[in-house]
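Here is the structure we will look at.
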2 protein chains.
Amino acid sequence: MKIAVDAMGGDYAPLEIVKGVEKSRDQFSDIEFILFGDEAKIKAVLKDTTRVTIHHTDDMIEMGEEPVRAIRRKKNSSMVLAATAVKNGEADAFFSAGNTGAILAAGIFIVGRIKGIDRPALATVLPSVDGPHDSFVMMDMGANAESKAAHLYQYGFLGDFYAEKVLGFENPRVGLLNLGTEEDKGDEVHKEAWQLLNKAPKLNYIGNVEARELLNGAADVVVTDGSNGNTALKAIEGTALTIINLLKESILGGGIKAKLGGLLIKDALRGMRDKLDYTKAGGAVLLGVNAPVVKTHGSAKEREVANTFAQIHTMVQNGLVPAIQDYIANHADVIKVTANEESKG
Amino acid sequence: MKIAVDAMGGDYAPLEIVKGVEKSRDQFSDIEFILFGDEAKIKAVLKDTTRVTIHHTDDMIEMGEEPVRAIRRKKNSSMVLAATAVKNGEADAFFSAGNTGAILAAGIFIVGRIKGIDRPALATVLPSVDGPHDSFVMMDMGANAESKAAHLYQYGFLGDFYAEKVLGFENPRVGLLNLGTEEDKGDEVHKEAWQLLNKAPKLNYIGNVEARELLNGAADVVVTDGSNGNTALKAIEGTALTIINLLKESILGGGIKAKLGGLLIKDALRGMRDKLDYTKAGGAVLLGVNAPVVKTHGSAKEREVANTFAQIHTMVQNGLVPAIQDYIANHADVIKVTANEESKG
C-alpha cells in the first residue's frame, strides 16, 4: 500500500514526520511512502530511501490560513498534492500533521465524499478505562459546526464500521452523547437522532450516554455533533493535563516526604499515563471520504507519527473505506431515511 | 434572612439536609430556616430547633418524575411549598437537593423569571488552577437544551453579576465557550453571540475560550449553551474521577514500593483534591429568577449542604438578585437587543 504524506505540515516538520515515516517503513514491509514537500529539507533528514519517494514542491499551507481558500489557491502545496495523489489513485491514504481545517477541506473537496454521505466527520479514538474494550471511537469531533439528525445517524454507521474494521470490536455498542440517559433528552436534533439510530438495522444502539461516563466505557462508538464532541474532547484533555500537572506540583512542592513518595510511585504513574495515552491509537480520521484521510496533532513527534501510520495501515489492510462504500451502495434505504430527514431538518 | 428548604429532596434526605441546616445555623447568626417535609422524620434527626421552623407535608417529588407535570400536580410537595414560600415573600431563597428538572421548573414557574430575562439558566462555579482567581462561573449548564444568541448574551450578564457579587471578582473576564479562539468559529448562534457580547457595554468580554483551557483560568465567566455546558461539566467531572481512581489503583496495584510511595504523598494528594473540590463553592444556581434558587448534588451530605447555604447567604447578603433586577430595569436597551435577536433567531 502507498501512503501520501504531507511532509511539511506540523510544528516539527519535516524532521519528525520523516522519522515517523522511517520507523513505520521498518515496521511494515508492505508500506510505501510518497513524501510531498521540500526535497532538500527532506533529504537532509531522511536516512534511507527504501520504499520512500520524494515529490518535490516549494509551496505549503500555513497553520493560520483560511482552509477552503488555501486548498483552492495553493494547488502546488504539499497538502494539496498529497490529497491529489490519493484522488488519482497514486496513493491509498493521506496523512498530514498540518492545518486541521485545510486537511478537512482537502479530504472533502479533493479526496471526495463517499456518495450518500452528507457530511464527512472527524473520528477520534479515546481510552476506555472500565469498559469491555480499552478504547472507544467518538465522532464528530468538530469537522461540522452544525449537525442535523440525519448527520448524527450517519456518524453512527461510520463509527460502527471504524470500531469493527479498525479496532476489531464485534457488534460495537453505539451510543448518542446527550444531556441525560432518558430517550427524550436534549434538543430536537438529538431527540430525532435517537429515534433514527434506534431504528437502524445494522447498529447495536444502546441509547443516550453522558459525558461523565465516556472514559468508563459507556459505549464503543459515541455519536455526537461537532460542537459537543469538540467540547468533550477538549474538556477531557484539559482536565487530564491539569490534574497530572497538579499532581506533579503537589509532589514537588510537598517537601522531602512527598518527593520521596513521588519517586516510589513513578512506575505506577507511568502505567497510568500509558492507559490514558490515546495517541497510541493514532490520529483523527475523516470518515465518509473515499480514502483514509488522517491528521495527527501539530505537535506530534516520531512516535505519534508512526502510530498514525500503523492506524492507516490497519484501515487500508482491513478495507475500511471499501466496506463503507459497499454498505452504502447496497443500502439505498439508509440513504433514503437520510434524505428525508435532511429535507425536514 | 430566611431560607426555604426542601427537606425531602436528595439521596440522604432528610438526615444530611438537616445536619447541613444545623451546621449552617450555627455558622451564621442571621440565617433562619423553614424546612418543608415530613415533620416526624425531620424531628427525629433535628437536634436543636433554634432558628429552624418545620412546615409539615406528606407529599414530595421523586427523582424520576416528569418535572413540569410534577410541579403542577403536587401542590403540597415539599419542593413546591418551599418555592411558594419564596414567591410569597415568606422566605428569601430556595434550596433543594432533589429532582433537578423539577427544581428548575419550580424556580421558573413558581419563584418566577425576572422581567426581561428570556431564559433563566443554571450556573456552576468550577475550580481555576492557573488563573488570577481560584474559581470561575460557567452557565448554562443544561437548564435549556437549546439557546439562541440572545440567550447566550443574557447569560453573559447574569454570570457577570454572579462573579462580581458572589465570588467578589472585579471586572470579571467574560468568555464564550467555542470550537476555537477565533472570532468566526462555531455555528451561527455562536457567531452572533460573539458579536452581541462584544458590543455589550457592561462586560469585560475577552472573546472565545476553548474547553481545554477552562480549568486553567481562561475566563472568570464562561458563557455556553446548555448542551455544551453540560458536556463540559460532565466531561471534567468524569475525567477527574477516572484519573483519581486510576491513580489509586496504580498505587494499590503497584506493589510494596508504590504503596509506600502512596502513603508518603497522601498529604500532597489531599491538597490537590482540595484544589479541585468545587463543592466548596456551593451548588448550582438558577440565575434569572426573582430569588436565589439553588440545587446541590442529590448525593450531597452535611458539608456540601452547609457549603450551599453559605453560598446562598452571600447571594442574599450581597443583593445579587436585586442588583440584576435593577440593572435590567434601568437598561431597556439591553433587553431591546435581546428582543430583536429573539425574533431573528
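Residue numbering restarts at 1 for every chain, and letters A, B, ... go by the order of the sequence lines. The model shown is predicted, which means the values in this text are computed figures rather than measured ones.
- For the options A/Gly261, A/Gly271, A/Gly262, heavy-atom pairs under 4.5 Å to chain B are most numerous at A/Gly261.
- Interface residue B/Leu177: only side-chain heavy atoms are found under 4.5 Å from chain A.
- Smallest separation of non-hydrogen atoms from A/Ala145 and B/Gly186: CB-C, 3.6 Å.
- Between B/Ile251 and A/Ala268 the shortest heavy-atom distance is N-CB, 4.4 Å.
- Here the closest heavy-atom approach between residue A/Ala235 and residue B/Ala232 is recorded as CB-O, 4.1 Å.
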Cross-chain donor-acceptor list, chain A and chain B, 3.5 Å limit, no angles:
{"from": "A/Leu179", "atom 1": "O", "to": "B/Lys234", "atom 2": "NZ", "distance (Å)": "2.6"}
{"from": "A/Glu210", "atom 1": "OE1", "to": "B/Lys234", "atom 2": "NZ", "distance (Å)": "2.2"}
{"from": "A/Arg212", "atom 1": "NE", "to": "B/Glu237", "atom 2": "OE1", "distance (Å)": "2.8"}
{"from": "A/Arg212", "atom 1": "NH2", "to": "B/Glu237", "atom 2": "OE1", "distance (Å)": "2.6"}
{"from": "A/Ser227", "atom 1": "OG", "to": "B/Asn228", "atom 2": "OD1", "distance (Å)": "3.2"}
{"from": "A/Ser227", "atom 1": "OG", "to": "B/Asn228", "atom 2": "ND2", "distance (Å)": "2.8"}
{"from": "A/Asn228", "atom 1": "N", "to": "B/Asn228", "atom 2": "OD1", "distance (Å)": "3.4"}
{"from": "A/Asn228", "atom 1": "OD1", "to": "B/Ser227", "atom 2": "OG", "distance (Å)": "3.2"}
{"from": "A/Asn228", "atom 1": "OD1", "to": "B/Asn228", "atom 2": "N", "distance (Å)": "3.4"}
{"from": "A/Asn228", "atom 1": "OD1", "to": "B/Thr231", "atom 2": "OG1", "distance (Å)": "2.7"}
{"from": "A/Asn228", "atom 1": "ND2", "to": "B/Ser227", "atom 2": "OG", "distance (Å)": "2.8"}
{"from": "A/Thr231", "atom 1": "OG1", "to": "B/Asn228", "atom 2": "OD1", "distance (Å)": "2.7"}
{"from": "A/Lys234", "atom 1": "NZ", "to": "B/Leu179", "atom 2": "O", "distance (Å)": "2.6"}
{"from": "A/Lys234", "atom 1": "NZ", "to": "B/Glu210", "atom 2": "OE1", "distance (Å)": "2.3"}
{"from": "A/Glu237", "atom 1": "OE1", "to": "B/Arg212", "atom 2": "NE", "distance (Å)": "2.8"}
{"from": "A/Glu237", "atom 1": "OE1", "to": "B/Arg212", "atom 2": "NH2", "distance (Å)": "2.5"}
{"from": "A/Lys257", "atom 1": "NZ", "to": "B/Asp267", "atom 2": "OD2", "distance (Å)": "3.4"}
{"from": "A/Asp267", "atom 1": "OD2", "to": "B/Lys257", "atom 2": "NZ", "distance (Å)": "3.4"}

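- Only the side chain of B/Leu276 comes within less than 4.5 Å of a heavy atom in chain A; its backbone stays farther off.
- Comparing B/Gly253, B/Gly255, B/Ala240 by how many heavy-atom pairs each has under 4.5 Å with chain A, the most go to B/Ala240.
- For chain B, the option among A/Gly226, A/Gly238, A/Ala258, A/Ala211 with the highest count of heavy-atom pairs below 4.5 Å is A/Ala211.
- Here the CG atom belonging to A/Leu269 is positioned 10.5 Å from the CG atom belonging to B/Leu246, to the nearest 0.5 angstrom.
- A distance of 10.5 Å separates CG of B/Leu241 from CG of A/Leu215, quoted to the nearest 0.5 Å.
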